[in-house]
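Convention: sequence-line order gives letters A, B, ...; per-chain numbering from 1.
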Protein chains: 2
Amino acid sequence: MATLSDVARRAGVSPATASRVINGSSKPVTDELRERVLAAVAELQYVPNAHAQLLARSHRSAVGVIVHDVSDPYFAEITRGLQRVATDQGRLLMICNSYRDPDRELEYVELLRGHQVAALILAGSGYHDEAFTRQLNEKLAAYEATGGRVAVIGRHEHSGDAVMPDNRTGGYLAGRELCGLGHRAIGVVAGPRILTTTTDRLAGLRQALSEQGRELPERRIRYAEFDRDGGAEATARLLDADPELTAIVALNDSMAIGALATLRARGLAVPQQISVLGFDDMPIARDVTPALTTVRLPLVDMGVRAMSLVLGVGAPTPRVEVLPAELVRRDTAGFVPPSTRATAGSAPRARRGDSTS
Amino acid sequence: MATLSDVARRAGVSPATASRVINGSSKPVTDELRERVLAAVAELQYVPNAHAQLLARSHRSAVGVIVHDVSDPYFAEITRGLQRVATDQGRLLMICNSYRDPDRELEYVELLRGHQVAALILAGSGYHDEAFTRQLNEKLAAYEATGGRVAVIGRHEHSGDAVMPDNRTGGYLAGRELCGLGHRAIGVVAGPRILTTTTDRLAGLRQALSEQGRELPERRIRYAEFDRDGGAEATARLLDADPELTAIVALNDSMAIGALATLRARGLAVPQQISVLGFDDMPIARDVTPALTTVRLPLVDMGVRAMSLVLGVGAPTPRVEVLPAELVRRDTAGFVPPSTRATAGSAPRARRGDSTS
DNA sequence: TACCGCAGAGAAAGCCCTTTCCCGCAGGGA
DNA sequence: TCCCTGCGGGAAAGGGCTTTCTCTGCGGTA
């Protein structure tokens with residue numbers, strides 16, 4: 001690879017001058033030399049060594065992001081928000097997938113620190129795992145001690161800046177909706193128990209039910225991977241154990257889609273025979289049939305906020321922003337079917353809101 | 001940030017020794033010094049500066065990847081394949097989204113070169129744009145001249161290693177299927193014309209039709225963005241211009257999902273009134289209702305192959321691997337409806353293959 | 001004419017590591 | 001006893017860039 005001194009030699013100038021031309025330094029350079037340097041750059045196809053640059057300038061500019069999996073629509077949306085702000089500010093993003101492996105998460109914190117990122121954003125659920133949480137916080141503290149900024153999206157154990165989706169209220173909304181539709185036998189297709197996202201959403205759901213004097217027994221909950229196949233499988237187990245279920249809450253939309261697949265395979269009509277509620281409102285939710293009733297989280301906005309927090313100067317830290325959840329009624333949740341119904345009205349709830357495009 | 005000399009000083013050794021301990025060098029170090037160094041590392045929460053390391057070792061290890069958009073399922077699958085191989089070989093991946101902007105693509109080639117990646121993989125369609133193609137090839141050639149390896153996924157203008165999905169045959173399969181079902185009025189929801197992916201798939205489709213003595217007039221093609229909304233919108237335009245259409249081929253699954261949304265909104269039953277064919281077989285294709293009939297491309301495998309090519313030593317370059325397309329029959333393509341039909345049989349084609357796991 | 005100031009260019013000192021090269025020392029063979 | 005060998009450790013030379021500092025030479029002022 002051509003180096004800066006190659007360019008300088010070819011242009012007949014010193015490396016210092018070449019550097020100044022290439023970086024548009026404020027120090028003036030005569031037009032003649034400038035052109036000679038530029039010509040040399042073009043001829044040699046010179047590209048500065050990014051590592052040497054980052055080493056020489058003390059300036060840190062890139063931002064590190066750790067997510068569970070960018071290709072998961074939930075994180076894809078969040079990342080879109082992160083990107084938007086980062087691009088506006090001319091920041092490079094280094095995105096790492098932890099695939100929900102705590103150890104990998106820890107490793108990535110080190111890796112990103114090693115890469116001298118100016119800030120670190122952790123997106124995704126926290127874990128119910130004391131040892132891990134302590135280790136993570138130690139690492140983050142060490143990073144912050146050297147001037148790094150940290151923000152988390154949706155995990156509550158970290159003491160710094162945070163953007164928090166209101167999972168609990170979201171769960172509550174789901175529960176209230178189903179109660180309002182007369183459902184009593186409600187099953188839950190949940191993500192891994194170790195994730196705080198799972199437990200928070202469950203807690204909200206429980207609260208809604210208990211306000212109606214009902215409860216959510218453990219036997220009506222199945223824990224599985226937070227994805228389509230996990231949802232399909234958990235739904236099958238739920239149905240096997242309790243065929244009387246009139247509604248299923250899936251703790252994210254991917255699982256809900258898996259649930260719909262299982263129900264379709266078993267010939268159960270949604271929402272006539274059984275209702276389904278999702279969570280997150282990922283883009284695909286409106287395109288499945290029937291369109292998914294779900295709890296919306298402002299995913300893109302969560303990313304925007306987090307990046308803004310972390311790049312924002314001045315404002316006293318820590319700041320915690322809670323972003324509200326909102327129920328989106330589409331076509332998968334209807335009144336409890338007549339056979340098991342306690343109240344009047346058997347038609348599935350009319351579709352509202354949402355049109356195509 | 002603590003540096004290596006901080007660690008060395010604290011441990012009472014030279015930086016050389018500290019480095020050797022930290023990197024597990026082959027040169028032996030006494031246990032006592034080793035422990036002192038390790039202790040210092042822990043106390044100072046030392047993390048090596050990745051840029052300094054990369055500068056000092058001439059070793060290049062990371063691999064650069066340029067895709068249109070990782071969060072697009074098509075690329076997400078490819079990336080999964082890339083990752084798998086990279087992880088096996090202990091390589092770090094730097095992934096960049098070009099968002100189908102040729103200029104950005106060019107910039108990223110430079111950026112990744114600047115970051116000293118050992119290899120570069122360009123995934124995604126090529127462009128019908130001579131100036132761009134020439135510029136890109138120049139940059140890639142300059143990179144290869146300095147020892148960099150390059151592989152492309154699915155663009156045919158580059159002269160080096162390549163993994164090529166058989167888009168043309170895929171288009172052909174789609175056309176033959178629809179002809180076999182008796183369709184004559186076939187509309188196409190296409191991606192941007194400037195992409196070779198679009199034109200290759202169209203060419204295959206045309207070939208299939210012409211073998212049946214039919215043709216595909218331009219008025220039955222609508223070009224739009226290669227995503228859900230593009231598909232929805234193009235379908236609407238197509239239908240407005242030609243309400244007699246009995247089948248729609250969408251040139252990728254995202255567009256097909258958009259097409260289904262528009263059809264649903266207009267109350268057209270799929271496949272009873274109109275058939276829909278997608279392309280790619282992304283994971284969600286089996287979960288929409290009706291499940292999408294589509295042309296499958298081995299996306300993950302494409303990623304695996306590309307990364308293997310680029311990391312593989314010895315084998316003479318260039319190598320071109322063509323990966324076959326395959327028709328997956330699900331529920332959106334049926335016989336042409338009775339009113340416009342030329343041959344017998346009005347029931348939608350029975351669903352085959354695929355179950356919900 | 002002598003001196004000052006400044007513009008424009010180069011020399012050189014880092015930035016933080018890795019790795020080669022060299023040195024001192026202890027042990028073994030002659 | 002002397003020399004050679006080999007081991008463990010340090011000194012120092014990069015790696016490619018940025019940036020401060022220094023130097024030269026010119027124009028302008030007293």
**Student:** I want to check something: taking the side chain as every heavy atom from C-beta on, are A/V37 and A/V7 in contact at a cut-off of under 4.5 Å?
**Tutor:**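 Touching, per the 4.5 Å side-chain cut-off.
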**Student:** If the test is side chain to side chain contact (heavy atoms under 4.5 Å, CB included), which one of A/T79, A/L112, A/L82, A/I66 qualifies with A/I95?
**Tutor:**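 Exactly one pass, corresponding to A/T79.
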**Student:** In whole angstroms, how far is the P atom of D/dT18 from the NE2 atom of B/H51?
**Tutor:**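 Those two atoms, NE2 and P, are 14 Å apart.
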**Student:** Please give, in whole Å, the distance from C/dG14 C1' to B/L55 CG?
**Tutor:**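 From B/L55 CG to C/dG14 C1': 13 Å.
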**Student:** Please classify the nucleic acid contact of B/L54 as base, sugar-phosphate, or nothing, using heavy-atom distances under 4.0 Å.
**Tutor:**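 Contact class for B/L54: none.
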**Student:** Do B/I22 and B/V41 have side-chain heavy atoms sitting under 4.5 Å apart?
**Tutor:**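 Answer yes - side chains close enough.
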**Student:** For a 4.5 angstrom cut-off between non-hydrogen side-chain atoms, does B/V310 reach B/D161?
**Tutor:**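 Heavy-atom side-chain distance check fails, nothing below 4.5 Å.
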**Student:** Polar pairs (N or O, both sides) under 3.5 Å between protein and nucleotides 17-21 of chain C?
**Tutor:**
{"residue": "C/dC17", "atom": "OP1", "partner": "B/Y46", "partner atom": "OH", "Å": "2.7"}
{"residue": "C/dC17", "atom": "OP2", "partner": "B/L4", "partner atom": "N", "Å": "2.6"}
{"residue": "C/dC17", "atom": "O5'", "partner": "B/Y46", "partner atom": "OH", "Å": "3.3"}
{"residue": "C/dT18", "atom": "OP1", "partner": "B/N23", "partner atom": "OD1", "Å": "3.2"}
{"residue": "C/dT18", "atom": "OP1", "partner": "B/N23", "partner atom": "ND2", "Å": "2.9"}
{"residue": "C/dT18", "atom": "OP1", "partner": "B/Q53", "partner atom": "NE2", "Å": "2.9"}
{"residue": "C/dT18", "atom": "OP2", "partner": "B/S19", "partner atom": "OG", "Å": "2.7"}
{"residue": "C/dT18", "atom": "OP2", "partner": "B/N23", "partner atom": "ND2", "Å": "3.1"}
{"residue": "C/dT20", "atom": "O4", "partner": "B/R20", "partner atom": "NH1", "Å": "3.3"}
{"residue": "C/dC21", "atom": "N4", "partner": "B/K27", "partner atom": "NZ", "Å": "3.3"}

**Student:** Check the pair B/R134 / B/E130 against salt bridge (Lys or Arg N to Asp or Glu O under 4.0 Å), numbers first and verdict last.
**Tutor:** CA-CA 6 Å; B/R134 186 164 19 82; B/E130 286 231 7; 5.5 Å; no
**Student:** To the nearest angstrom, how far is A/E32 atom CD from C/dA9 atom C1'?
**Tutor:**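 Whole-Å distance recorded here is 13 Å.
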**Student:** Assess whether salt bridge (Lys or Arg N to Asp or Glu O under 4.0 Å) is satisfied between A/R104 and A/E107, documenting all intermediate values.
**Tutor:** CA-CA 5 Å; A/R104 191 141 31 182; A/E107 274 171 33; over 6 Å; no
**Student:** Would you kindly give the NE2-to-P distance between A/H115 and C/dC15, to the nearest whole Å?
**Tutor:**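 To the nearest whole Å, that distance equals 21 Å.
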